[in-house]
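These notes concern the structure reproduced below.
None of the values given here were measured: they were computed from a predicted structure. Residue numbers start from 1 in every chain, and the chains themselves are labelled A, B, ... in the order their sequence lines are given, proteins ahead of strands.
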Amino acid sequence: MYSTVVYKEIRWHGRGGQGAVTSAELFAAAAVRDGFYAVSIPFFGAERRGAHVVAFNRISDTRVYVRSSIKNPDFVVVLDSKLLGLEHDKKRIFSGLKKESVLVVNADKEVAESLGWRNVACVNATEIALKNRLVLAGIPLTNTAMLGALAKVFGEISLKSFEEAVKAKWSGRRAEVNLMALREGYSGVRWI
Amino acid sequence: MRLVLTGNYAAAYAAKAAKVEVVSAYPITPQTQVVEKLSEFIERGEMNARYIRVESEHSAMAACIGAAMAGARVFTATSAHGLIYMSEMLWWAAGARLPIVMGVITRAMAPPWSIWSDHCDLLSLRDIGWIIYFCENAQEVFDTIIQAYKVAENEEVLLPAMVGWDAFQTSHTAEPVDVLSPDEVSKYLPPRRPLPYVIDFERPFTHGSLCYPDRYMEFRYLMDLSMSKAKKAIVEADEEYGDLFGRKYGGVLEKYLCEDAEIAVVTMGVLSGDARYAVDILRKEGYKVGLVRLRVVRPFPSSELKKELKSKKLVCVIDRNISIGRGGILGTEIKALLKNSSANVVNVVAGIGGRDVSYEDIVNIVKRSLDLVEKGEVPEYMWYGIDKEYVVKAVGEYYEPPAL
């Protein structure tokens with residue numbers, strides 16, 4: 001029975017160019033390294049930088065066949081806190097949340113507190129990205145810092161597997177700065 | 001080797017594992033990753049193949065035809081407008097009996113512009129003499145492309161093959177894929193044998209010249225004959241693959257919980273994953289439901305479907321396509337097969353233009369279909385998920401295809 005398969009669902013929100021889709025892929029790659037079955041499903045909208053981009057992960061101990069979009073995520077990761085300030089985007093971010101769902105946001109404590117959600121973890125991923133010069137076409141690449149933050153909050157996958165997934169994706173200096181961002185996101189994330 | 005790959009990357013790895021010698025393609029969303037990865041393999045020397053760059057899909061298929069006629073193993077991939085733009089060349093490839101394999105990442109046709117999946121692009125070319133496979137996920141994309149070469153190059157078949165998968169939900173979804181190396185695959189798929197249809201300067205021949213009415217029909221008959229033999233080749237290729245590598249897909253049809261089922265859900269492509277889950281949910285509620293997933297559309301699995309479906313109380317065919325003015329394409333074909341049986345076929349058009357079809361939707365579809373059968377009000381076909389308010393606002397009425 002496929003429906004007895006228990007899985008956790010993650011929804012990523014970012015802007016085109018920030019790397020939400022890449023983060024979801026790295027999350028799946030790390031999970032698989034630790035023996036989980038995981039998929040990453042991107043949803044592309046307008047093919048341009050700055051547009052609201054959504055990506056999904058499903059993760060389980062056994063194979064998952066379901067591929068429809070995620071409506072009731074266990075974790076929601078927000079790569080750009082400004083999305084939370086826009087009514088339409090905020091609505092998408094909060095849609096389908098369950099009582100126990102966790103929000104992991106790229107924001108300072110103050111902004112995170114103002115969200116009024118019971119389970120919020122935050123880290124200033126923009127600062128981490130800028131510090132590590134992870135910027136492309138003027139957009140801070142907050143994805144690996146937020147991946148680190150989710151890694152800590154999710155808690156079931158080793159940091160080592162995330163590091164290996166990053167190293168498999170990039171090499172040289174790009175790998176280095178992304179590893180730094182990953183680790184800083186991991187150690188810097190705080191529960192509200 | 002287990003890698004986390006998108007459906008598109010799985011396709012590129014499959015072409016590499018099949019030792020493809022020539023790739024010619026033109027990029028189009030959502031296919032682009034396939035040829036990006038292949039050009040990367042070729043550039044790095046990981047794949048001993050030639051990449052022929054072209055200015056359009058029409059030329060891409062022309063280049064594939066030339067290379068295949070010279071005896072090479074050839075791969076290409078496209079989507080939607082690219083597929084339709086190359087459609088004239090697709091007839092030439094089939095008529096020349098060239099075992100080209102092509103990935104078709106299904107995408108809705110414009111206008112209005114869309115990049116998301118439905119199967120109208122691929123199914124509009126179902127009658128031209130290409131074998132048509134359709135996959136559910138990235139692992140199956142990898143396995144099927146390799147199987148497709150085995151079938152297309154079979155001397156009793158010699159027809160080109162399209163392997164379809166859904167835009168984004170399969171093409172860009174990354175999942176664990178067990179990848180075989182070229183060496184492992186060579187045990188299953190030997191190098192392509194130069195067959196009588198290969199260009200040889202020592203033995204020149206004329207190809208594709210004028211054929212009078214006293215002969216043309218035999219050419220089409222022979223294609224039809226080969227297509228009928230393709231079915232056995234498809235089943236055998238799947239069996240042999242399973243014996244060697246441990247994965248098989250039931251040949252032309254994959255079945256789930258069908259043995260005692262009174263209701264059969266028929267699907268194709270990525271939404272079959274949610275359909276499996278929906279079958280479980282309905283089973284728990286006491287409905288005797290099973291799933292039949294079409295893995296092959298051409299040759300059409302007529303006898304296999306008829307055997308499986310003829311004594312069901314309800315056959316619910318979910319089509320991610322619409323033949324405007326006729327209904328779902330698979331539903332139409334299956335109704336024709338079952339016309340003298342007691343099975344009630346409800347044909348549901350859903351998921352057009354990338355509209356999400358979740359397991360909750362499929363549970364709803366089955367319950368509504370059952371209700372229509374019990375009331376004796378089965379329509380010719382029905383649309384699922386239309387925003388009626390929007391339609392009424394636009395044109396003042398909502399149209400429901402009537403019961404027959």
Q. Does NZ in A:Lys82 sit with more than 12 non-hydrogen atoms of other residues, nucleotides or ligands closer than 6.0 Å?
A. no
(Q) For the interface with chain A, which of B:Asn137, B:Leu3, B:Val270 has the highest count of heavy-atom pairs at distances below 4.5 Å? (A) B:Asn137
Q: Identify which of B:Ala275, B:Ser358, B:Pro30, B:Pro176 forms the greatest number of heavy-atom pairs closer than 4.5 Å to chain A.
A: B:Pro176
Q) Between A:Phe162 and A:Tyr186, is the ring centre distance below 6.0 Å? A) no
Q: On the 0 to 90° scale, with breaks at 30° and 60°, tag the A:Phe75-A:Phe154 ring pair as parallel, tilted or perpendicular.
A: tilted
Q. Does a donor on one side chain and an acceptor on the other come within less than 3.5 Å for B:Asp121 and B:His81?
A. no
**Q.** Min side-chain heavy-atom separation B:Arg295-B:Asp238 under 4.5 Å
**A.** yes
Q. Taking the six-membered ring of A:Trp191, is NZ or CZ of A:Arg118 closer than 6.0 Å to its centre and within 45° of its axis?
A. no
**Q.** Identified side chain to side chain contact (heavy atoms under 4.5 Å, CB included) partner of B:Ser171 from the options B:Thr29, B:Asn8, B:Val141, B:Thr106
**A.** B:Asn8
Q | Partner set under ring pair (Phe, Tyr, Trp, His ring centres under 6.0 Å) for A:Tyr37, not counting sequence neighbours | A | none
Q) For chain B, which residues from residues 8-31 of chain A lie under 4.5 Å away (heavy-atom distances)? A) A:Glu25, A:Ala28, A:Ala29
Q | Contacting region of A:Phe56 [heavy-atom separation from chain B under 4.5 Å] | A | neither
Q: Please find out if less than 6.0 Å separates the ring center of B:His172 from that of B:Phe168.
A: yes
Q: Just give me the residue among B:Leu271, B:Val4, B:Asp356 that pairs up with chain A most often, heavy atom to heavy atom, under 4.5 Å.
A: B:Asp356
Q) For A:Arg58, is it the side chain, the backbone, both, or neither that has a heavy atom closer than 4.5 Å to a heavy atom of chain B? A) neither
Q.
With a 4.5 angstrom heavy-atom cut-off, is it the side chain or the backbone of B:Thr170 that approaches chain A, or both, or neither?
A. neither
